[in-house]
Amino acid sequence: MTIRLYDTSARQIRDFTPLVPGCVSIYLCGATVQAAPHIGHIRSGLNFDIMRRWFAYRGYDVTFVRNVTDIDDKIIAKSAEQGRPWWAIGYENERAFNDGYEALGCLPPTYEPRATGHVTEMVEMMRGLIERGHAYAADGSVYFDVRSFPGYLSLSNQDIDDLRQPPEEGITGKRDPRDFAMWKASKPGEPDWETPWGRGRPGWHLECSAMAHRYLGSAFDIHGGGLDLVFPHHENEIAQAKAFGDDFARYWAHNAWVTMSGEKMSKSLGNSVLVSEMVRHWRPIVLRYYLGTPHYRSMIEYSEEALREAESAFARIEGFVQRVVEKAGGPVAPAEEVPAAFAEAMDDDFGVPGALAVVHTTVRQGNSALAADDKEAAVARLAEVRAMLGVLGLDPLDERWGAQGGDREDDLHGVVDTLVRVVLGQREAARGRKDWATADAIRDQLNQSGLVVEDSPDGPRWSLGPR
């Protein structure tokens, strides 16, 4: 068994060999908490949640670090706009991100450090880089000298002579316009911390280099993030860390975007879809299916039609699960191992689309077994389906999904079930007296209300249909 993944730095799929046998260390660039998350933000956390789950299934001990950028230019700008403390805005949105991750079933990270809690580590890194000739202080700021590091731009495969970094307002003292700020000199009204070079605040890139070093050491296995972070953020992280003396990440994994009308979903474009709003209209498990089942390196073009298709596809899986549980007379435990074809797809760069095809094939086989009244085969297929869905975080019988709606949702389901049973009883009575027109009319009315009625040897059953 060998897991293979696409390494952005190598620009090819590579066999994964862990730094420490049996262990995997992952650093994921997390939220910049200037605003509440849209589904594009949460996709990254979800993709790496599936990656983490697969490593764990394969027997690895996973250390998963996902940071919080709680101080940067955007948060300070929001503070000025809203007349609120920067830390209040950051904390409010950090909670919104965590609510979003939890709603979509992401496991909590092993560590979730905040940038503002690691200024000491940042100062230490800057001091080391200045001593090694890779950084310099000027006018209270500290800059990284990009020409001092020969490997600069190897991740994004650019030529330094063609590089044009966007100007940084108020930044002075750069020796080269391509040098980037590791530390920004204090400005009136902005948060700042004391350093040997004056009061100021950290640059975005320095935060992650320092936190990765603090929690994962000088070398770790996988660094992840969105495709838009390759340059400048990840390129600058590499330069800082390696110039400091770290080996840093051995593999680089990047997820693609969620787009609308071909553009990256972004608050600045006004085309974002907030997670807090989405979960009011769509079940969180359906959102997870929608965002998590495309390949992590494939773009997702957002549309309600695509979401409805995902809802219908997942409803077919749920329907099979429900029918077998009823047939078995109770819960069916997941199989100890997933089918070989599922494992093969996941081992190949976390190929969720191929793995999901195995899920749907197994569901079809299980439905055929149900139609043939082969209870043993149907139960065996459900056990396999639960094992596969468990890896993807999509098992509808998992307690976390059942508990998500709370007792009130359970009570409401019971009320609806009682009412539907009354109507179905009227339908059965019509069928018994061969009043087919009335029976069909009752069924059509239930279907129009969003309920799907299915006749079975054990009597009629109902479920919520797709939107």
Side-chain angles (χ1 to χ4, degrees), residues 3 5 7 16-33 37 41-70 90-91 93-122 124-125 204 206-226 229 233-234 237-238 241 246-255 288 291-292 296 346 350 352 390-395 398-400:
I3 293 177
L5 75 159
D7 180 6
F16 175 74
T17 303
L19 188 67
V20 178
C23 299
V24 179
S25 47
I26 302 173
Y27 184 93
L28 174 63
C29 283
T32 298
V33 288
H41 291 129
I42 297 298
R43 183 194 181 185
S44 179
L46 204 161
N47 286 154
F48 284 90
D49 180 67
I50 293 174
M51 182 183 295
R52 170 194 187 175
R53 287 170 182 263
W54 184 245
F55 275 123
Y57 173 83
R58 280 304 198 190
Y60 288 96
D61 181 7
V62 182
T63 300
F64 182 64
V65 180
R66 185 183 67 212
N67 78 291
V68 176
T69 298
D70 60 341
Y91 184 62
N93 292 311
E94 179 184 339
R95 292 183 64 181
F97 267 88
N98 284 332
D99 288 346
Y101 291 133
E102 183 178 359
L104 269 62
C106 295
L107 300 172
T110 312
Y111 307 111
E112 192 169 26
R114 296 189 184 104
T116 54
H118 296 80
V119 172
T120 300
E121 289 87 345
M122 297 177 205
E124 179 185 351
M125 183 167 279
W204 176 32
L206 177 64
E207 296 173 350
C208 284
S209 296
M211 286 186 285
H213 179 89
R214 170 64 179 82
Y215 290 92
L216 297 176
S218 62
F220 57 96
D221 292 307
I222 299 171
H223 195 311
L229 300 183
H233 186 49
H234 288 166
E237 278 190 66
I238 292 171
D246 288 355
D247 290 331
F248 211 49
R250 302 173 71 242
Y251 300 84
W252 286 84
H254 292 91
N255 64 278
R288 183 178 177 99
L291 293 171
Y296 75 93
M346 291 298 292
F350 309 96
V352 174
V391 167
L392 300 176
L394 287 168
D395 182 1
D398 189 293
E399 290 183 359
R400 67 148 288 102

**OP:** Measure across Ser209 and Ala241 and return the closest heavy-atom pair with its distance rounded to 0.1 Å.
**Re:** OG-N, 4.3 Å

**OP:** Please work out which of the three classes, parallel, tilted or perpendicular, describes the rings of Tyr111 and Tyr215, given edges at 30° and 60°.
**Re:** tilted

**OP:** Over all heavy atoms of both residues, which pair between Pro18 and Arg250 is shortest? Give the atoms and the distance, please.
**Re:** C-NH1, 3.8 Å

Original post:
OG1/Thr69 to CD/Glu94 distance, rounded to the nearest 0.5 angstrom?
Top reply: 10.5 Å

Original post:
Looking only at atom types and distance, does a side-chain atom of Tyr251 sit under 3.5 Å from a main-chain N or O of Thr17, one as donor and one as acceptor?
Top reply: yes

Original post:
Is the backbone of Ala115 close enough, under 3.5 Å, to the side chain of Asp70 for a donor and an acceptor to pair up by distance?
Top reply: yes

**OP:** Would you name the heavy atoms of Asp49 and Leu107 that are closest together and state the gap between them?
**Re:** OD1-N, 2.9 Å

**OP:** With rounding to the nearest 0.5 Å, note down the distance linking CD1 in Ile42 to CG in Leu291.
**Re:** 9.0 Å

Original post:
Parallel, tilted or perpendicular for Phe350 and Phe55, by the 30°/60° rule?
Top reply: perpendicular

**OP:** For Asp398 and Arg400, indicate whether the former's side chain and the latter's backbone hold a donor-acceptor pair under 3.5 Å.
**Re:** yes

**OP:** Compute whether any side-chain donor of one residue and acceptor of the other, for Thr63 and Asp61, lie under 3.5 angstrom apart.
**Re:** no

Original post:
Do Arg95 and Asp99 meet the salt-bridge criterion of a basic N to acidic O distance under 4.0 Å?
Top reply: no

**OP:** Just do the side chain to side chain contact (heavy atoms under 4.5 Å, CB included) check on Arg52 and Thr110 with the steps written out, would you?
**Re:** CA-CA 11 Å; Arg52 170 194 187 175; Thr110 312; 4.1 Å; yes

**OP:** Determine yes or no for a side-chain-to-main-chain donor-acceptor pair under 3.5 angstrom, with Ser218 supplying the side chain and Asp247 the backbone.
**Re:** no

Subject >> Check: Asn67 and His118 side chains under 4.5 Å, non-hydrogen atoms >> reply: no

Original post:
Is a side-chain donor or acceptor of Arg288 paired with a backbone partner of Gly105 at a separation under 3.5 angstrom?
Top reply: yes

Original post:
Do you know the tightest heavy-atom contact between Ala253 and Ile222?
Top reply: CB-CG2, 4.2 Å

Subject >> Criterion side chain to side chain contact (heavy atoms under 4.5 Å, CB included) on Val352 and Met346, from CA distance to verdict >> reply: CA-CA 6 Å; Val352 174; Met346 291 298 292; 4.0 Å; yes

**OP:** Output, in order, the C-alpha distance, side-chain angles, deciding distance and verdict of side chain to side chain contact (heavy atoms under 4.5 Å, CB included) for Ile50 and Leu392.
**Re:** CA-CA 6 Å; Ile50 293 174; Leu392 300 176; 4.2 Å; yes

Original post:
Would you call the rings of His254 and Trp252 parallel, tilted or perpendicular if under 30° counts as parallel and over 60° as perpendicular?
Top reply: parallel

Subject >> Verdict with reasoning, Met122 to Glu207, per side chain to side chain contact (heavy atoms under 4.5 Å, CB included) >> reply: CA-CA 7 Å; Met122 297 177 205; Glu207 296 173 350; 3.7 Å; yes

Original post:
Do any N or O atoms from the side chain of Asp221 and from the backbone of Leu19 form a donor-acceptor pair under 3.5 angstrom?
Top reply: yes

Subject >> Heavy-atom closest contact (Ser44 atom, Gly226 atom, distance) >> reply: OG-N, 4.3 Å

**OP:** May I ask you to decide if the ring planes of Phe97 and Tyr101 are parallel, tilted or perpendicular, using 30° and 60° as cut-offs?
**Re:** tilted

Subject >> Check: Phe64 ring centre within less than 6.0 Å of Tyr27 ring centre >> reply: no

Original post:
CZ of Arg114: more than 12 outside heavy atoms within 6.0 angstrom?
Top reply: no

Original post:
Under the side chain to side chain donor-acceptor pair (under 3.5 Å) criterion, do His213 and Glu124 qualify, and how do the steps go?
Top reply: CA-CA 11 Å; His213 179 89; Glu124 179 185 351; 5.4 Å; no

Subject >> Met211 side chain near Glu121 side chain, heavy-atom distance below 4.5 Å >> reply: no

Original post:
Which word best sums up how the rings of Phe16 and Tyr60 line up, parallel for under 30°, tilted for 30 to 60°, or perpendicular for over 60°?
Top reply: perpendicular

Subject >> Smallest separation among heavy atoms of His233 and Cys208, with atom names >> reply: NE2-SG, 3.4 Å

Original post:
Do the side chains of Trp54 and Arg58 get nearer than 4.5 Å, heavy atoms only?
Top reply: yes

Original post:
Could you state the interatomic distance from CZ (Arg66) to CG (Leu28), rounded to the nearest 0.5 Å?
Top reply: 7.0 Å

